[in-house]
> 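Please see the structure below; I have some questions.
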There are 2 protein chains.
Amino acid sequence: MVKCVKCSLADDVLKAGFVRGRQRFFCKSCEYHFTAERPAGVPSRKRHHATIADVARQVGVAPSTVSRALNGHSDISPVTRQAILDAARQLDYQPNLLAQSLKNRATNTIGVVIPDLERPFFATAVSGIQQVATEAGYRVMICQSKESYATEVSNVQALVASQVDGLLICHSRETENFDHMSSTACRDIPIVHFDRVYNQENVSRVMIDDWSGAFAVTEHLVLEGCRRIAILAGPASLLISQQRQAGYLGALRKHGLPVEEELIAHIDFRAESAVACLDAWLALPNPPDAIFSINYTNAFDLILALRSRGRRVPEDMAIAGFGDEFLASLIEPGLTTVDLHPYRIGQQAAHLFLEQVKLQERFEPRTCVVKSELIIRQSSLRGQGQGFQLAI
Amino acid sequence: MVKCVKCSLADDVLKAGFVRGRQRFFCKSCEYHFTAERPAGVPSRKRHHATIADVARQVGVAPSTVSRALNGHSDISPVTRQAILDAARQLDYQPNLLAQSLKNRATNTIGVVIPDLERPFFATAVSGIQQVATEAGYRVMICQSKESYATEVSNVQALVASQVDGLLICHSRETENFDHMSSTACRDIPIVHFDRVYNQENVSRVMIDDWSGAFAVTEHLVLEGCRRIAILAGPASLLISQQRQAGYLGALRKHGLPVEEELIAHIDFRAESAVACLDAWLALPNPPDAIFSINYTNAFDLILALRSRGRRVPEDMAIAGFGDEFLASLIEPGLTTVDLHPYRIGQQAAHLFLEQVKLQERFEPRTCVVKSELIIRQSSLRGQGQGFQLAI
DNA sequence: GACGTTTCCGGAAACGTTGCCGATAGTTTT
DNA sequence: AAAACTATCGGCAACGTTTCCGGAAACGTC
């Protein structure tokens, strides 16, 4: 017979239904409900790690005192403090950052969203972010959108739900709607856009000077003696295509060279497209003497294709690319290109975030432009021009 | 005169010292201490975001009911559930993962420590980790040790303090002491070592099959007709040097080729060292006809140096490298190399972690070896041998 | 109508930390 | 010696969530 857990009498105990598979009882005399014993609950209690309470117990003080000692507050005597520090070391106490963050309403973590970690540009940018963030005591959480809008949105949501203190983001190619970046969606945390930028006022941004880079490359080709300079651009809808093409046109204009429509091509960045484009140019009655590829991989494609077609680089055709310092230095001939300084871009983005945290509501969103740098190598050196007297 | 906050009488109120800069008082009649008003405390209350309590208030139910509704538990009527879901949407409620993690004792986050994100091998491995982790509902937190032991240790500590559910690590070159990976230091969370491996029993590891890769490369060179195959290895102390050299020796032995000490070199991976080594070999009375570089960058160095010295690759000297698929395919001539499949390594490491989480204490630590793959390109194709009938 | 059942919800205690504030004992001033 | 002060420390309420478990209404059944 079942006994009441309160009065220990079995007389007035009635069955009172089932809850979650267990029989419940009701004691009429004490008017008390209770449930049958749990069927040998497996404890499987995860190993308990020392908490502030454990340290407090060991020393014989209150948890709040331990907290004060550990955080170097005042209101504590040197002896107690030392005793607490000793006990903490002995118990191998490690503060639970989760609880700290929950209490302090700050995680000391910043979220980073990039299209693809495997692309050297982004890996380097993230590295720059991490260096600055780490020095400032922030951890970094990285997500890849893989150029998918849906993934980007879910990345941002996950980071915000994780209560990151800030968001550094380079949008995917697909991204055209920015509702997921709204202040309400992002809980008013500081946001910095970099590289591919959210084109709207009142946001912090770190950008590449596409125009100047393209201008410098083109001017360099002109000064090397090239007179028919082709440009291999990406889809016309892309901002980078437009701006780099504008820089190209600017240089042509400055040096009084005509703009020939047949030398301006927009492709989808695929190698086959680049090669097809090259062949079309080579078949012209008056082919170009230089090609500026706004994408570095296409520049490699061009060099390889030219070689297999028996053309020499740079003698028969000068080639210049854009971005990716490392690869450009390895290939033969070395590729003239523009170093976009992705590491600095990352650093700058992190600095903008830190500044915003520091200044709070006094912070004014602003746009930073990271200077790019023309790196001249073999692929463009025709040596027929006036040399290198050019300013970027 | 100051009035007591309890009895509202000013008569028996005495000053009672200062606490943290504020005057304190003591009311004799009620025997009550109190402190002067806080000097216009700046609220600066951060924007409050909807919590479970807010949703509960709006619907008129208890927080626990909201939690049940949101987590799809039973014990809730369809109408209440719908009302709660509607209210949650209306208030733009987002669960606070911090609080959830604290309560659930699980963060759904895994920590990754790698030497350098900018190295394509690691970037790709991380990408593989992230793909598997994301699909399993885990977030990823990445740290770089930059090949520094001290940084690695602090990375591990930071991740553990952040309560990550697991740790995937590739050790720095400096790391020889593994105390920071002990079960106590890491709070018994699952750990998987990958690539550079913790050489001890009873840990989970994902490794490259250095031996087989090196064997395959060397055998390929033999079958291409090379008879004096040199190996450009790294520091003899490095495990990868030893194992790749062992694979090289194994292939020579299998095909009855003599091992010539003068064709085995250990360098420090710097380009100048590689070139110096090449020149020494070229100056031999009987120079090698092939070089296997266990490091892909050195392979590039060799190709460039050979070209500048008027030697043809592969006609005068066959070259083969190890690792980094992408670069090897871009260069001219294409570099024969071993694809280490870093993406798979990352995936495998993440899978090992997931398995350990799933099986709990029934999990047996084990070592996985990810098959590498010989990729044959122009740089080794002498065509004087028996062709490609080789098995890796 | 007494007993049993199902359904649904609220209260409360955690998780680990921090910070406010009250409360002492001991010391100095008046 | 009362009054004022200093130096320490404990208690308690948060932070936002989850999970027990008790309570009660509504319904069924002998």
Side-chain angles (χ1 to χ4, degrees), chain A residues 5 14-20 22-26 28 31-36 38 41 46 48-56 59-71 73-81 84 93-106 163, chain B residues 5 14-20 22-26 28 31-36 38 41 46 48-56 59-71 73-81 84 93-106 163:
Chain A
V5 293
L14 303 174
K15 289 186 179 175
F18 287 88
V19 175
R20 285 164 289 267
R22 282 189 291 158
Q23 177 72 60
R24 300 200 68 218
F25 298 97
F26 179 66
K28 279 174 70 182
E31 290 201 336
Y32 184 67
H33 288 266
F34 59 93
T35 311
R38 159 162 290 231
K46 269 195 145 188
H48 177 78
H49 298 115
T51 71
I52 267 196
D54 297 322
V55 179
V59 184
V61 296
S64 51
T65 308
V66 176
S67 175
R68 276 196 301 267
L70 262 30
N71 295 338
H73 283 221
S74 57
D75 268 25
I76 194 162
S77 77
V79 279
T80 324
R81 180 205 304 279
I84 289 173
Y93 167 77
Q94 295 261 68
N96 185 327
L97 293 188
L98 235 53
Q100 278 186 338
S101 300
L102 179 60
K103 178 67 190 170
N104 297 340
R105 299 161 157 280
Q163 313 289 118
Chain B
V5 292
L14 303 175
K15 290 186 180 175
F18 288 89
V19 174
R20 286 164 289 267
R22 279 153 58 197
Q23 178 71 59
R24 299 203 68 222
F25 299 96
F26 179 67
K28 280 173 71 180
E31 291 200 336
Y32 184 68
H33 288 266
F34 60 93
T35 311
R38 159 160 291 233
K46 269 194 144 189
H48 178 79
H49 298 116
T51 71
I52 266 195
D54 298 322
V55 179
V59 184
V61 296
S64 50
T65 308
V66 176
S67 175
R68 275 195 303 266
L70 262 30
N71 296 338
H73 284 221
S74 57
D75 267 25
I76 195 162
S77 76
V79 279
T80 333
R81 180 204 305 279
I84 289 173
Y93 168 76
Q94 295 261 72
N96 184 328
L97 293 188
L98 236 51
Q100 278 186 337
S101 300
L102 180 61
K103 178 67 191 169
N104 297 341
R105 297 162 157 279
Q163 313 289 115

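Letters go in sequence order (proteins before strands), and every chain restarts at 1.
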> Rounding to an integer number of Å, can you tell me how far Ile52(B) CD1 sits from dA12(C) P?
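For the pair Ile52(B) CD1 and dA12(C) P, the rounded distance is 18 Å.
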
> Hey, does Ser64(B) reach any base, or is it just sugar-phosphate, or nothing, if we go heavy atoms under 4.0 Å?
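Contact class for Ser64(B): base.
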
> Report the residue (Ser67(B) or Leu14(B)) whose heavy-atom-nearest nucleotide on DNA chain D is the more 5′ of the two.
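The residue closer to the strand's 5' end, by nearest nucleotide, is Leu14(B).
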
> What integer distance in Å separates Arg81(B):CZ from dT7(C):P?
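For the pair Arg81(B) CZ and dT7(C) P, the rounded distance is 13 Å.
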
> Closest to the Val61(B) side chain: dG10(C), dG19(C), dG10(D)?
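That would be dG10(C).
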
> Quick check on DNA chain C: between Thr65(A) and Ala99(A), whose nearest nucleotide comes earlier from the 5' end?
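The answer here is Ala99(A).
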
> By nearest atom, which of the nucleotides dG4(C), dC8(C), dC9(D) is closest to the Ile76(A) side chain?
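Between dG4(C), dC8(C), dC9(D), the one nearest the side chain of Ile76(A) would be dC9(D).
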
> Choose from dT17(C), dC5(D), dG4(C) the nucleotide whose nearest atom is closest to any side-chain atom of Lys103(A).
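Within the option list, the nearest is dT17(C).
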
> Can you identify which nucleotide, out of dC8(C), dG10(C), dT8(D), has its nearest atom closest to the Pro78(B) side chain?
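For the Pro78(B) side chain, the nearest candidate turns out to be dC8(C).
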
> Round to a whole Å and report the spacing from CG of Asn104(B) to C1' of dC20(D).
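Taking atom C1' of dC20(D) as the reference, CG of Asn104(B) is at 14 Å.
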
> Nearest to the Leu102(B) side chain among dC8(C), dT17(C), dC15(C), which nucleotide is it?
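Looking only at side-chain atoms, Leu102(B) lies closest to dC15(C).
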
> Can you tell me the distance, in whole Å, between the CG atom of Asp54(A) and the C1' atom of dG16(C)?
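Checked: the CG to C1' distance equals 10 Å.
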
> Just how far, in rounded Å, is C1' of dG23(D) from CZ of Phe26(A)?
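Whole-Å distance recorded here is 10 Å.
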
> Okay, side chain of Asn96(A), backbone of Leu98(A): is any donor-acceptor separation there less than 3.5 Å?
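Such a contact is found between Asn96(A) side chain and Leu98(A) backbone.
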
> Students often get this wrong, so: under 4.0 angstrom with heavy atoms, is Tyr93(B) touching a base, only sugar-phosphate, or nothing?
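Here Tyr93(B) touches the backbone only, sparing every base.
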
> Is Gln100(B) close enough to dG16(D) that one of its side-chain N or O atoms is under 4.0 Å from OP1 or OP2 there?
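No, because none of the side-chain N or O atoms of Gln100(B) sits under 4.0 Å from OP1 or OP2 of dG16(D).
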
> Taking the minimum atom-to-atom distance to the side chain of Arg68(B), which one of dT8(D), dC9(C), dA12(C) wins?
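The closest nucleotide is dC9(C).
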
> Quick one, Val66(B) and Tyr93(B) - any side-chain contact, counting heavy atoms below 4.5 Å?
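No. Closest side-chain heavy atoms not under 4.5 Å.
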
> What is the distance, rounded to the nearest whole Å, between atom CG of Leu97(B) and atom C1' of dC15(D)?
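Spelled out: CG on Leu97(B) to C1' on dC15(D) is 15 Å.
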
